[in-house]
K.L.:
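First the structure, which I've put down as C-alpha cells, then a few questions once you've had a look.
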Number of protein chains: 2
Amino acid sequence: MRARPAPRKGRPTLANVAEEAGVSRATAARALGDYGYVQEETRASVLAAAERLGYSPNSIARSMVTGRTNTIGFVSADMENPFFARTMAGITDVARAAGYEVVIANSQEKPDLERRAVRTLHERQVDGMIVAPTQYADGSHLRRLVERSIPVVLLDRSVRGVAADAVLIDNVKAARTAVEYLIGLGHERIGLLTNDLEGPPLERLAETALDPTHASTGASRGVGYLAALREAGLKVSPQLIRSASYTRESATAATKQLLRLRSRPTAVLAVDNVLTLGAFEAIQASGLDFPREISLLGFDDLEWTTIVRPTLSVVAQPAYDIGATAARRLLARLQGEDSPAQVLFLDTTLVERESTVSHGGRLDGFRRRSGTVASR
Amino acid sequence: MRARPAPRKGRPTLANVAEEAGVSRATAARALGDYGYVQEETRASVLAAAERLGYSPNSIARSMVTGRTNTIGFVSADMENPFFARTMAGITDVARAAGYEVVIANSQEKPDLERRAVRTLHERQVDGMIVAPTQYADGSHLRRLVERSIPVVLLDRSVRGVAADAVLIDNVKAARTAVEYLIGLGHERIGLLTNDLEGPPLERLAETALDPTHASTGASRGVGYLAALREAGLKVSPQLIRSASYTRESATAATKQLLRLRSRPTAVLAVDNVLTLGAFEAIQASGLDFPREISLLGFDDLEWTTIVRPTLSVVAQPAYDIGATAARRLLARLQGEDSPAQVLFLDTTLVERESTVSHGGRLDGFRRRSGTVASR
DNA sequence: TTGAAAGCGCTAACAT
DNA sequence: ATGTTAGCGCTTTCAA
C-alpha cells in the first residue's frame with residue numbers, strides 16, 4: 001500500500017498529487033522540489049497532476065521539517081517615516097534576491113510594541129531579524145535572541161549590551177560636520193533641534209559623550225553639535241538646544257521657542273526629517289527673512305526638499321543602502337558567518353541648497369570632510 | 001513512559017517544558033495555552049518550567065495543526081508611496097487589535113512581482129490577503145484565491161472578474177468634483193495629468209467610461225475629468241490630457257509639455273501624489289506666476305502640501321481609513337461572513353489651499369458636493 | 001484533572 | 001529511480 005488516501009477536502013496536498021500521479025509522496029516531493037533522482041516522464045506526470053489539482057506547496061509544513069522559514073523579520077520604528085520606508089526597500093530587495101521573504105512589524109517608536117513585535121517574529125520562526133530599536137537602554141529582548149543564536153542586525157540605532165551587527169551612520173560625525181559647515185558660513189549662534197533627550201539637554205549630552213558610539217541618534221547628533229562648537233571655540237548656550245518628540249507639531253513648537261529667544265540663533269540644525277519639517281514650518285510662520293536671517297539645515301533628503309523655497313540643505317543619509325547593508329549582514333550570518341559582531345558606519349552627505357547661507361558678511365560656502373558635500 | 005525525552009538542543013519545545021515540569025505534553029499545552037482543565041498548582045509549575053527554560057511557542061507548529069496562521073498578507077503596490085504607507089498603518093492597527101499579524105509584500109507596481117507575492121503569501125498560509133492590485137486586466141491569480149475560498153480584499157483598485165470585497169474611493173466622482181471646482185473658479189482650459197493610459201488618452205478614456213466602477217484609478221479619474229468638462233459644456237482638448245508613468249521625472253516632463261502648449265491650460269489636475277510632485281516642480285520651473293497664471297490641484301494630502309508656496313490644494317483620500325476598512329472587511333470574512341462581495345466607496349475631501357485661484361476675473365471660490373470641501 | 005496517541009503536510013534518511 | 005518510514009512541535013480527541 002502506498003501513500004495515504006487523504007480525504008479530498010481543503011487545499012490539495014502533496015499526498016493528493018502523489019495519488020493522482022500514482023506515485024509515492026517521496027517521488028512527488030522530488031519531482032516538485034526538483035531534487036534527487038526522478039525519471040523524466042515521472043516528473044512530467046507529477047507536474048501534470050499538480051497542475052490539474054491546482055496544488056501549491058505548504059511552506060509551513062516544509063518549515064516544520066527543515067527548521068528554516070526563509071523569512072527574515074524587520075521591526076521598523078515607523079513605517080510611515082520615509083527614511084524607514086526607504087530602508088525597508090533596501091532590505092526587501094536584497095532579501096528577495098537571496099530567496100528570503102521579509103515580514104515587517106512596526107513598533108511606532110514604542111518599546112513595548114517593539115518587544116511584542118520581536119516576540120511574535122520569534123514565535124513565527126523567522127530565520128533572523130533586522131531591528132531599528134526604539135531605545136538604547138533596554139535590550140534584554142534582543143539579547144535573548146542573540147543568546148538563542150538567532151541572528152540579529154541592528155539598524156540606524158544601537159542598543160546597550162547587545163552584541164549584534166549594526167548598520168549605522170556616524171551620528172556624531174554627521175552632526176559635527178553639519179555644524180562645522182554652519183560655522184564656516186559664519187554662524188555663531190546655532191540652534192539644535194533634537195529628540196530623545198529626557199531631562200536637561202546639556203547634562204544628557206554630557207553623559208552621552210562618554211560613550212558616543214552607543215547612544216540614541218538624537219543624543220549622538222547632539223554630541224556632534226557640541227563637539228563642533230567647542231572645537232570652534234564657540235560658546236554653548238543651553239537655551240539653543242531644544243528637544244522635541246517625534247511629531248511635527250512638537251518640532252514646530254520647539255522651533256518657535258528658539259526663534260522667540262532674545263538672542264535668537266542665526267542657523268538651526270534639525271536632526272531628523274520630522275523635526276526638519278516642523279522647523280521649516282515654524283521658520284516660515286515666524287515672518288523672518290528665510291534664509292537671510294535664519295538658516296536651516298535638515299536631515300534626510302526627501303522629495304519635498306527641492307520644491308520648498310528656499311530649497312532645503314540637508315544631511316542626507318543613505319537610507320536604501322543602510323537597509324541593503326543590514327540585509328546583507330543578516331544573510332551572511334544566516335549562511336553561517338561566525339565573526340564577532342560588526343558595527344558598520346555608512347557615510348552621510350551634506351547636500352547644500354538654498355536654506356543655508358552665510359552670516360555676517362561672509363560670502364563663501366565651506367566644504368568639509370565626512371563624506372561629500374554635494375550641490376544639487 | 002511519558003512524553004518524548006527530546007534531545008536538548010536548539011530551542012526548548014513543549015516536550016522539554018513538559019519533562020521539566022514532570023507532566024505530559026498535553027497538560028503542558030493546556031497550561032501554556034490557557035484552555036481545558038489544569039489544576040492551579042500544575043499550571044504554576046508548568047509556567048515556572050517554561051520560564052526556567054526560556055520557552056517560547058512555535059507558532060508554525062501550531063499552525064500546522066490548527067490550519068490557521070492568524071496572519072494576513074498585504075500586497076502593497078509601493079511601500080514608499082506615502083499613500084500606501086498610511087494605508088498600511090490602518091491595516092496593521094486593525095489587524096493587530098484583532099490578534100492578527102500582517103505580512104507585507106511589495107509589488108512595485110509590477111504585475112509579475114504581484115503574482116509572485118500573492119503566490120508566496122498563499123504558500124505561507126496567510127489566512128487572508130489584502131491586495132492593492134497593479135492591473136485591472138488580469139486577475140487570474142486573485143481569482144484562484146477566491147476559488148480556494150481564501151478571503152481577499154482589494155484595496156484602492158479593483159480587478160476585472162474578481163469577485164472580492166473592495167475598498168475604493170469613487171475615482172470618477174473625486175476627479176469630477178475636482179474639475180467642477182476648477183471650472184467654478186473660472187477655468188476653461190484644464191490640463192489633466194494622469195497615468196495608466198496606454199495608447200491615445202481620449203480613446204482609452206472613452207472605453208473606460210463604459211465601465212467606470214471597474215478600471216484603473218488613473219483611467220477612472222480621467223473619466224471623471226471628462227464628465228465634468230462635458231457637463232459644463234467645455235471643449236475637451238486631447239492635448240490637455242497627459243499620461244505619465246509612476247515617476248516624478250516623467251510627471252515633470254509631461255507637465256512641461258502641457259505648459260509649452262500654444263494655448264496652455266490655466267489649471268492642472270494631477271491625479272496622484274507622485275504626479276502632483278512632478279507637476280509642482282514643473283510649474284515652479286516654468287517661470288509662470290504660480291498660482292496666478294496656473295492653478296494646480298493635486299491628489300493626496302501629504303505633509304509637504306502646507307510648506308510649499310503656494311500651499312497646495314488637493315483631493316485628500318482617507319488613506320488610513322481605506323486600510324482600516326479593508327482590514328475590517330477581511331476580518332469579517334475570516335470570521336465566516338458569507339455575504340456577496342461588497343464594494344465600498346470612501347469619500348474624498350477637497351482641501352482648498354493657495355494653489356488654486358480663480359481665473360478670468362472671478363473672485364469667489366466654489367464649493368461642491370462629493371464629500372466635503374475643507375479649508376485648512 | 002491528566003495522559004496517550006493520532007495526526008497536520010512535508011522532507012530526509014534509509015531501503016529496495 | 002522509487003518507495004517506506006520516521007519524525008518536525010504542536011493541538012486535540014479519547015480514555016482513564
Side-chain angles (χ1 to χ4, degrees), chain A residues 1-46 49-50 53 55-70 122-125 127, chain B residues 1-46 49-50 53 55-70 122-125 127:
Chain A
M1 194 193 323
R2 53 165 50 165
R4 308 172 254 182
R8 288 301 349 279
K9 68 162 218 176
R11 41 195 297 175
T13 72
L14 183 64
N16 300 136
V17 175
E19 190 188 25
E20 170 89 8
V23 298
S24 73
R25 276 155 47 222
T27 301
R30 282 191 273 256
L32 258 12
D34 207 39
Y35 67 95
Y37 299 93
V38 200
Q39 200 156 333
E40 191 41 58
E41 60 184 79
T42 316
R43 175 199 309 290
S45 88
V46 170
L53 263 38
Y55 171 78
S56 93
N58 181 334
S59 57
I60 291 254
R62 171 181 297 139
S63 295
M64 277 273 4
V65 25
T66 61
R68 299 163 67 293
T69 53
N70 279 307
H122 182 210
E123 291 178 4
R124 292 273 146 97
Q125 315 295 113
D127 294 338
Chain B
M1 194 195 320
R2 53 164 51 163
R4 309 172 254 183
R8 286 303 346 281
K9 67 160 217 177
R11 41 195 300 175
T13 71
L14 183 63
N16 299 138
V17 174
E19 190 189 25
E20 170 87 9
V23 298
S24 72
R25 274 151 53 220
T27 302
R30 283 190 271 255
L32 257 12
D34 208 39
Y35 67 95
Y37 297 94
V38 199
Q39 200 155 333
E40 191 41 58
E41 60 185 81
T42 314
R43 173 197 311 290
S45 88
V46 170
L53 263 37
Y55 170 78
S56 92
N58 181 335
S59 56
I60 292 256
R62 170 180 298 138
S63 295
M64 276 274 4
V65 23
T66 60
R68 299 162 66 305
T69 53
N70 277 308
H122 182 210
E123 290 178 5
R124 290 273 147 93
Q125 315 295 113
D127 294 338

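The chains referred to below are lettered A, B, ... by the order of the sequence lines, with proteins before strands, and numbering in each begins at 1.
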K.L.:
In whole angstrom, give the distance that lies between atom CG of Leu53(A) and atom C1' of dG9(C).
P.N.:
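So the CG-C1' distance, Leu53(A) to dG9(C), works out to 15 Å.
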K.L.:
Mind calculating the distance between CG (Asn70(B)) and P (dT11(D)) to the nearest angstrom?
P.N.:
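Value for this atom pair: 12 Å.
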K.L.:
Supply the atom-to-atom distance Glu19(A) CD to Leu14(A) CG, rounded to the nearest 0.5 angstrom.
P.N.:
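These two atoms lie 11.5 Å from each other.
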K.L.:
Under the side-chain hydrogen bond (donor to acceptor under 3.5 Å, both in side chains) rule, collect the residues that match up with Thr42(B), sequence neighbours excluded.
P.N.:
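Thr42(B): no side-chain hydrogen bond (donor to acceptor under 3.5 Å, both in side chains) contacts found.
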K.L.:
For Gln39(B) and dG3(C), give me the distance from atom CD to atom P, rounded to whole Å.
P.N.:
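For the pair Gln39(B) CD and dG3(C) P, the rounded distance is 11 Å.
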K.L.:
Dump the pairs, protein N or O against N or O of nucleotides 11-13 of chain C, anything under 3.5 Å, distances to one decimal.
P.N.:
residue, atom, partner, partner atom, Å
dT11(C), OP1, Arg62(A), NE, 2.8
dT11(C), OP1, Arg62(A), NH2, 3.2
dT11(C), O4, Arg25(A), NH2, 3.3

K.L.:
What are the two closest heavy atoms between Arg11(A) and Glu123(B), and how far apart are they?
P.N.:
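Heavy-atom minimum between the residues: NH2-CA, 4.5 Å.
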K.L.:
Nearest whole Å is fine: how far is dC8(D) P from Asn58(A) CG?
P.N.:
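The answer, rounded to whole Å, is 18 Å.
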K.L.:
In whole angstroms, how far is the P atom of dG9(D) from the CZ atom of Arg11(B)?
P.N.:
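The distance from CZ of Arg11(B) to P of dG9(D) comes to 10 Å, rounded to the nearest Å.
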K.L.:
My understanding is that only residues two or more places apart in sequence, or in another chain, count here; which of them pass side-chain hydrogen bond (donor to acceptor under 3.5 Å, both in side chains) with Thr66(A)?
P.N.:
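Thr66(A): no side-chain hydrogen bond (donor to acceptor under 3.5 Å, both in side chains) contacts found.
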K.L.:
What's the CZ-C1' distance between Arg68(B) and dT11(D), to the nearest Å?
P.N.:
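So the two atoms are 13 Å apart, to the nearest Å.
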K.L.:
Can you find a heavy atom in the side chain of Arg62(B) that is under 4.5 Å from one in the side chain of Pro57(B)?
P.N.:
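Heavy-atom side-chain distance check passes, below 4.5 Å.
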K.L.:
Where each residue is assigned the nucleotide of DNA chain C containing its nearest heavy atom, which of Tyr37(B) and Met64(B) is assigned the position nearer the 5′ end?
P.N.:
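This one resolves to Tyr37(B).
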K.L.:
Just to verify, what does Asp127(A) make a side-chain hydrogen bond (donor to acceptor under 3.5 Å, both in side chains) with, not counting sequence neighbours?
P.N.:
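Partners of Asp127(A) by the side-chain hydrogen bond (donor to acceptor under 3.5 Å, both in side chains) criterion, ordered by chain and then number, come out as Thr69(A).
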K.L.:
For Thr42(A), which contact category applies under a 4.0 Å heavy-atom criterion: base, sugar-phosphate, or nothing?
P.N.:
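Counting heavy atoms under 4.0 Å across all strands, the contact made by Thr42(A) is with sugar-phosphate only.
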K.L.:
At their closest point, which heavy atom of Ala61(B) faces which heavy atom of Met64(A), and how far apart are they?
P.N.:
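Heavy atoms of Ala61(B) and Met64(A) come nearest at CA-SD, 3.3 Å.
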K.L.:
Rounded to 10°, tell me the angle between the two end axes of the helix from dT1(C)-dA16(D) to dT16(C)-dA1(D), each built from five pairs.
P.N.:
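Both end axes considered, the difference amounts to 40°.
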K.L.:
Verify side-chain contact (heavy atoms from CB on, under 4.5 Å) between Arg124(A) and Arg124(B), making sure each step is shown before the conclusion.
P.N.:
CA-CA 11 Å; Arg124(A) 292 273 146 97; Arg124(B) 290 273 147 93; over 6 Å; no
K.L.:
Does Ser24(A) put a side-chain nitrogen or oxygen below 4.0 Å from OP1 or OP2 of dG3(D)?
P.N.:
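For dG3(D), OP1/OP2 do have a side-chain N/O of Ser24(A) under 4.0 Å.
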K.L.:
Would you give me the side-chain donor-acceptor pairs under 3.5 Å for residues 26-35 of chain B, sequence neighbours excluded?
P.N.:
residue, atom, partner, partner atom, Å
Thr27(B), OG1, Ser24(B), OG, 3.1
Asp34(B), OD1, Arg43(B), NH1, 3.2

K.L.:
What is the distance from CD of Glu19(A) to C1' of dC10(C), rounded to the nearest Å?
P.N.:
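The distance from CD of Glu19(A) to C1' of dC10(C) comes to 17 Å, rounded to the nearest Å.
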K.L.:
Starting at CG of Asn16(A) and ending at P of dC8(C), how long is that distance when rounded to a whole Å?
P.N.:
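It is 11 Å, rounded to the nearest whole Å.
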